[in-house]
Structure formats: C-alpha cells, structure tokens
Amino acid sequence: MPRVGLFIPCYIDQMYPDVGFATVEVLERLGITVEFPEAQTCCGQPMANTGCTEAAAPLARRFVEIFEPYDAVVCPSGSCVAMVRAHYHEYFHHDLRYDALRPKVFELCEYLVDVLKVDKLPVRFPHKVGLHQSCHGLRELRLGSSSETIVAPFNKAKQLLELIDGLELVEPARPDECCGFGGTFAVSEEAVSCLMGHDRIADHLQAGAEVMTATDMSCLMHLDGLIRRDKRPLRCMHIAELLAGRPV
Amino acid sequence: MTGHPTRAAEFIALPQRAAWHDQSLWFVRAKRDKAAKAIPEWESLRDAAAAIKAHTVANLADYLEEFERNAKKLGAVVHWARDAAEHNAIVLKILSDHNVKRVVKSKSMLTEECHLNPHLEAAGIEVVDTDLGERIVQLANERPSHIVLPCIHKKKEEIGELFHEHLGTDAGASDPQYLTEAARGHLRDRFLKADAGLTGVNFAIAETGGFVVCTNEGNADLGVSLPPIHIACMGIEKLIPKASDLGVFLRLLARSATGQAITTYSSHFHGPRAGCELHIVLVDNGRSTVLGQDDFRRSLNCIRCGACMNTCPVYRRSGGHSYNATVPGPIGSILEPARDPAKHASLPHACSLCGSCSDVCPVKINIHEQLLIWRRELVKKGLLPLTKRWAMSIGSAVFQRPWLYKMAGGMGRLALKLLPRFLVYSRLNPWGKQRELPTPPKQSFRDQYKARHGK
Ligand code: SF4
C-alpha cells in the first residue's frame, strides 16, 4: 500500500473544506488511504508570484520536509502543484531531497489518470458542465494540450469527466482562455481581471453550461464571486466534487 | 497602483472598446491557429528556430563580423551603434552628408525604439512612415499600439476622421477601400519626392551579407527603389547564420503574425543598386547586456511577430498604449524593464501568468517565466511597493507557524462572517468592487479532518 500524503492548499483548507473532503472520498473509493500532515500550511506561491523569493523560500523548505516521507503527494490544485514541480528548483539547487520528492507530487486528475489508471467512476451528475482549463495545470503541468500548441489533443480532466454518468460536457468558444484570477493580479489589475472573468462566464453560458468546473478552486473563487454579484444562472464546482458525486 | 493598471482601467472604461479590441485580436489569433495547424511539423519548426537563434546568439560576435565582411564585399557601408543616440547620430549624418530633405521609412521597430523620427524632424528632415498603419499613428501623433498592427486600437471611423483632417477625404467616410486608396495616393506622392529610403531588417544573413525585409504592402521595396540612398537599421540580434536558415523563419513569421502563409513581400537586399548607396546600421542599445544574462538571453530570439500580443488576454483587453512602451504586450514587458526598470515596473505584473504567450511564441521564448523572474528583479531593485512586500513577509511568517496560521485563518473566517457588508466591501478592497467574497465555512478542513479522525 503506498503511503499517500494529502496536500491541501491553504485557501481550500480555510474556505473550501468540502473540496478537501471530496478529494479524500474520491481517493478512498479507489482504495487509497490518505494522510493529512497537519504541519502543512502554504506552498509559497503567493510570495513567489510577487517576486518575494525570500518570503517563499522557507515555505518551500518546509513543504519538502513535511512531504518527503510519502510515496506520493496528491493535491486538488494544478496551480499549487505547478509551484512545487515547476518553480521550486529556484530554492533547491541540485538538492537530492527535493529531486526525490518532485516527481511524486501530483495534481488529483493526473494521479487518477496516470497512476491509478481510473477508467470508471460510480457517480452520476446529470448536468451540462463547462470545463474551465486552469492555466497552470494546463500549460505548466500539461494536464491537457493547450490550444496554442500543434500536438495530438489530450485532456486528463475531460477524460475523467467523461466517465461520470449523465454528465454532458459543453464546449466554450475559446477552449482555454485565462479567467483572470492570477493571484495578486486579481486585485492589482482589478479591471482587467474582472473583465477576463466576465468574458469566461459569458462564453460558458452561451455554450449552455449549468455548472462550471476546474482543477483549481482559486479560478472558481474569482468566477463564482463575479457570478454571485451579477446573479448569473451558473454554479461553480471543483472537479473533485464532481468526481466524488456531489449534487449541485 | 499606478502605471499599467490605471491605464488599462481607463481603456476598459471606454464604451465597448475593450470587447471590440479583444475580438479583433482574437480573430488574428484564430487565423494563426488555423495556419499553424496546416503545418504538421509546426512544433519541430519552433524547435529548429529556437535552436538556430540560441546558436547564433552564442556565437554572435563571429557572425556579426562575418556579416560585416560579406556585406562590405557586396558594396554596403556598415556602421556600428552602441546605443540609440549613436544610431540616430549615424543616420542623421548620412542624411545630412547627402543633403537629404525627405525620407520615406518602412516599418521598423528599432527606429521606434531609438525615437529616430523626432531626432530627424528636429534637424529639419521630413520623415514619412509608409506602412499604412504606421502612417495612421504618425498622423494621429501617437505611437504604434502593436508591433505588427500599429493602429489596431483605432476604429475605421476614427481613421476616416483623421484622413479627412490630414488628407482631405470626404467627411464621415469610413469605407476601408476608399480610405486605403486615398492613403495610397498620398503616399505615392511622398515616395516620388523622397531623397532617401529607410527600412528595418527582419533577417540578416551572415553567410551572404544580405538581408530580408518582410512587408505586406511592398512599401519597403518602393521606398528604397526610387531614391539613391537606402539605410537599413537593425538590432544585432536579427542575424541568422545561413541563407538556408531563412526558410525556417519565413514559414513561422507570417503564420504567427497574421495567419498568412507568408508575407506578401519578402524583399531580399544584397548590396546597393548600381549607382546607389546602401548603409547598414547595426545597433546594440542594451542587447549585449541581455546577451550576458542567463535568465533573459532567450528574449533575444524574438522575431517581432506579435503573436504573444494577439494571444495575451491582458493585452487584448487593455490595449497597446496601456503599456506606455515602444514594444507593448508580453515580450515588451520583458524588453522594456530591461531598459528602464523604474519606469516600467508595473509591466511584469500586468500578467496573470497564464503562459499562453510562451506556447504561441514561434521561437519558444519562455515569456511568462521571464516575466516572473522580472518580478523577482523588481523586488531586488526595491521597485515592488512596500505594502506588497510587507504583506508577503507577514504571510510567510504566518505560514511558517501552523498554530498562527490556524488562528489567523479562524479569525479571517469569523471576521468575514461578522463584519457588516459595507466594511468588507469598502473601497479599500478591490476584490469586492465587482466580486463577492466566498462564504466562509464554520470550520476549516484541518479542524473537521481532526474531528473525524478523532485525533
Ligand atoms: S516574443 Fe515570440 S511571440 Fe512575441 S513577438 Fe517575439 S517572437 Fe513573436
């Protein structure tokens, strides 16, 4: 039995606990027991993305210490996993401990598809769903092929959603445009950020989506904030919630 | 924050402007996608282009000497300029030596970078930009808002008004065909009267000493075919080693820029025409500094196709002028801070780090990663606002102590629940201007997890 560590990003821990539990349920249903190491807090991405590497460095070191005992680390956020896998090298120059941990850190969909090779899911979700392709998962973890690159198309999140009974995927006109969250960008470039979000919402609505899902709750927090303010007929749910069979 | 956010918000506040600008450029991006998809080996072409550029840049000194030697053999005069001022002085001297009064210029981002036009105009020389889009922004007394589509920010009605004022077209006319015809007539006259022609350079070939200029209007050809003097200005990174490398770049350039298979004109210049003069000005202006920087060297790969602008969700919605820079958009947000970090400190942050630019770039510049590295450089230079730096240090201190994090998280959730709406959604909270905050749960994940697992 592999020892699987659960990495729950700080904002999911504090604001969206059910996304964490949905992740646990999906994994347990597949026979995986997970452990949640309580010392974890934040991977350091907000600091790193503002250029404050000195503030991010101790958090990166903590992360490696906390998670290195596990055979695999699974996390319901493409962005936080991308921080660890694609950006931590800055804090660990040829560090054996980090090099050993790095390939063992997975975004949830990636773990389900690549490691567990999931090909059926015993859940039902009879709704029209639009998949918002969160950028870091898409272009840094390559959870799917981006619309810019000319390669054979693939998409791990879609592959899983297609296993859900009754779920109908709808296609927005722009398949993978950014929602405009972008961490502190959401606040420092408020006008552009909100316009980007409004445009994504309109695109998913015209495609007929009732529910918008994503591999990152941060994108959905931003989109849901806009949706609720404008009272648009669209719900936001993290992909872990759909995979766990949560109702709307 | 001032800088890009303020100018972007102003652009977005104009009625329907941002939506229209976004759609126009998305249309160009979609054309690019279609053109790229028609080439099954697209990704290997990008790899090849990036490899050729990396090799050239690593051996730049040798290739520059080879180019100079061969260009001279063909009869060109080669000049070297350390910076913009030297470049402008060299061009002005060539023109004054020949008593030139009127210059026609085809599109060149380098001369924009060096602010050549005002320099020549101050010396009493008339400079006419002959690329239609460039001419439009020149008449409007603006700078280009895009490196390939200089007047993409202007609607045809606005161009109609501008032409009515400057070229005497009918008031209220906005038919593109009619306006283009009028511009042609106006430019033809300037071409005929010009004493010298100025062009940029898209690719200079070390092996032959020749160079190539790509245009859709043929204005580079016309501009240098009539007058007896041709001055070509190029950044030192425009070099490629061999003529056989050219195919790789020509296939990528137009497809990435506009979705055309190739630009209408790819004009090759190998030495001066009989009885005429050809001057080539090689300009450094900060490029050799970038060459020495591991993190930023790849930005010298840029072939100025503009694809990163067309794809950038921020650029499309904020307009090129919001960058207040010669080269706007993603690549500009790397190149411009390198020249003046304080002036352009907001540009590396005018980015949601979506990475679309890096995936679209035909020469595989890791644009979004370089923007992130720039943010780090800005902190080192003390150019990130103190409030942000403090916030990040406090955040880090909290996150390093799980008990403190737990307490802070609990307090935050409680505050969100208890504080009256007018306090949470005040003007101090840009999040809440157009967005609701999430509804806080009673307990965090960790608290519930602990309760469930009875630990
Ligand atoms: S950075 Fe790349 S995409 Fe942007 S203009 Fe240069 S070559 Fe084109």
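Ranked by heavy-atom pairs under 4.5 Å with chain A, the first of B/Lys433, B/Glu41, B/Gln443 is B/Lys433. In terms of non-hydrogen atom pairs under 4.5 Å with chain A, the most contact-rich of B/Arg375, B/Gln400, B/Glu436 is B/Glu436. Listed options A/Val24, A/Leu138, A/Val192 were ranked by heavy-atom pairs under 4.5 angstrom with chain B; first place goes to A/Val192.
Within the 3.5 Å criterion, the main-chain N or O of A/Val64 finds no donor-acceptor partner in the side chain of A/Tyr88.
Contacts of B/Cys361 with chain A are absent, with no heavy-atom separation under 4.5 Å from either backbone or side chain. For chain A, no part of B/Asn429 is nearby; none of its heavy atoms comes within less than 4.5 Å. For B/His4, the parts lying near chain A are the backbone and the side chain together; criterion is any non-hydrogen pair under 4.5 Å. For chain A, no part of B/Tyr315 is nearby; none of its heavy atoms comes within less than 4.5 Å. If you measure heavy-atom distances from B/Thr311 to chain A, the contacts under 4.5 Å come from the side chain alone.
Using a cut-off of 4.0 Å between Lys/Arg side-chain N and Asp/Glu carboxylate O, B/Arg317 and A/Glu177 are scored as salt-bridged. Residues B/Asp359 and B/Lys364 are not paired through a salt bridge, judged by the lack of any N-O separation under 4.0 Å between the basic side chain and the carboxylate. A salt bridge is absent between A/Glu107 and A/Lys156; no separation between the charged side-chain nitrogens and carboxylate oxygens falls under 4.0 Å.
A/Gln45 pairs in a side-chain hydrogen bond (donor to acceptor under 3.5 Å, both in side chains) with only one of the listed residues (A/Ser79, A/Ser218, A/Ser77), which is A/Ser79.
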Worked check of salt bridge (charged side-chain N to carboxylate O under 4.0 Å, His left out) between B/Glu377 and B/Lys380: CA-CA 5 Å; B/Glu377 294 299 307; B/Lys380 281 193 205 149; 3.4 Å; yes

